[in-house]
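Ligands are counted one by one from 1 in listed order, and the atoms in each one are counted from 1 as well. Values below: every heavy atom of this structure, side chains too, minus hydrogens, waters and symmetry copies. None of the values given here were measured: they were computed from a predicted structure.
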Amino acid sequence: MSDAILTLNAGSSSLKFSVYATEAPPALLMVGQVENLGPSARLKVGDEVREIGAADHTVAIRAILETASAVLAGRSVIAVGHRIVHGGEDYTGPVLLTAEVREKLAALSPLAPLHQPHNLAAVEAALTAFPDAPQIGCFDTAFHRGHDWAADTFALPRRFYEEGVRRYGFHGLSYDYITGVLRREEPEIAAGRVVIAHLGNGASMCAVKGGRSVASTMGFSALDGLAMGTRCGQLDPGVLLYLMERGMSAAEITTLLYKESGLKGLSGISHDMRTLEASDAPEAAQAIDYYTFRIRRELGALTAVLGGLDALVFCGGIGENSSTIRARVCEGMEWLGITLDPVANGANARRISSGPVAVMAIPTDEERVIAEAAVAHLA
Ligand code: ADP
């Protein structure tokens with residue numbers, strides 16, 4: 001019988017997990033998450049919810065193993081794959097998380113203070129639970145590491161670039177998955193010029209040429225580019241200066257930009273696209289107007305970087321499911337070769353265009369990318 005791989009995606013208050021059997025390709029056995037880490041956490045698998053009481057990452061992993069024991073059916077967890085937001089300048093692919101690597105990654109925490117420490121706490125917890133299993137780190141930044149210098153830098157004095165103030169780009173595991181699907185199913189498109197729009201609670205777009213990232217809307221942090229559920233997206237740095245002059249602290253500005261902005265801030269109603277689409281409030285409509293305006297603008301910019309466009313791929317919860325947002329993004333884009341097929345779009349079909357540019361909606365699967373990296377490591 002095969003063994004098992006656990007994948008972990010740790011946030012500040014949640015630990016998403018999946019369990020795969022170590023076949024090639026890995027077979028998904030279970031997916032779920034521990035929510036509300038802290039004094040009263042709960043474990044969710046599908047519609048089933050179990051209260052697990054006070055839990056940090058270590059307790060959460062124990063609860064996950066208890067819940068997974070039925071599907072594990074005697075299989076041992078022989079590797080753990082981790083989603084790690086920041087791999088810095090060095091990591092261009094998955095790595096074994098040795099003590100030395102973990103130390104390097106901890107040093108990157110100031111670059112991603114809301115994510116990196118939690119990712120690394122999950123690694124320590126998994127090491128306690130599985131001291132003999134290799135821990136494999138998969139980075140959201142890795143897919144973008146081949147950018148040209150001009151796409152990698154800000155126009156600040158050079159010393160800032162040298163100390164790591166760069167346009168790293170994120171959502172790389174999602175882009176990796178989507179380019180893999182294109183390579184297998186649409187090799188001609190995969191060899192060409194593609195813009196991928198990952199539209200989930202976090203959102204970014206990536207220009208991909210011949211399977212390689214050449215530019216991303218996200219830069220130094222996971223704040224830049226598109227408006228998101230609660231994050232602001234692109235902002236004139238002068239706004240930050242104004243807020244600081246007004247006396248807001250770094251912590252207050254962080255909360256404002258990461259937690260209170262985006263769709264939530266603009267609508268004053270919700271961060272959730274489904275709620276906004278269902279709302280009659282003019283503020284909800286305006287939030288959606290801004291959301292799609294930014295996507296369209298970035299589509300134009302990334303197409304210019306690519307020198308043309310062969311395909312536009314939507315993924316993430318909104319990209320995969322919202323025919324309305326896809327239609328709003330593609331409206332009036334015939335000049336670019338984009339014409340949506342309204343029936344295919346309404347049905348969430350994979351190919352949703354009738355014009356020369358292929359427009360596709362492809363469900364992404366970041367966990368599978370992590371599981372495959374772990375299987376590859378074991379091999
Ligand atoms: P995360 O980035 O946390 O993984 P998801 O990729 O699941 O998030 O995306 C969550 C977003 O997807 C939410 O804004 C949610 O409203 C939106 N979404 C999911 N299904 C639909 C749908 N059918 N129509 C519109 N939006 C949807």
Q: Hey, is the main chain of His147 close enough, under 3.5 Å, to the side chain of Arg212 for a donor-acceptor pair?
A: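 Judged by distance alone, no pair lies under 3.5 Å.
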Q: Just by distance, no angles: are the side chains of Ser204 and Tyr175 close enough, under 3.5 Å, to form a donor-acceptor pair?
A: yes
Q: Under 3.5 Å, is there a donor on one side chain and an acceptor on the other for Arg83 and Thr7?
A: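 Absent: no donor and acceptor within the cut-off.
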Q: Taking 4.0 angstrom as the limit, do Asp90 and Arg145 come out as a salt bridge?
A: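 Here Asp90 does not pair with Arg145 in a salt bridge, since their nearest N and O are not under 4.0 Å apart.
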Q: Please confirm whether the backbone N or O of Thr339 pairs with a side-chain atom of Ser353, one donor and one acceptor, at under 3.5 Å?
A: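 Looks like no, no N/O pair under 3.5 Å.
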Q: Under the salt bridge (Lys or Arg N to Asp or Glu O under 4.0 Å) definition, can you give me all pairs with a residue in residues 313-325, not counting sequence neighbours?
A: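 Salt bridge (Lys or Arg N to Asp or Glu O under 4.0 Å) check on residues 313-325 returns no pairs.
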Q: Show me, by chain and number, every protein residue that has a heavy-atom distance under 4.0 Å to ligand 1.
A: Lys16, Gly200, Asn201, Gly202, Asp272, Met273, Arg274, Glu277, Gly316, Gly317, Ile318, Asn321, Ser322
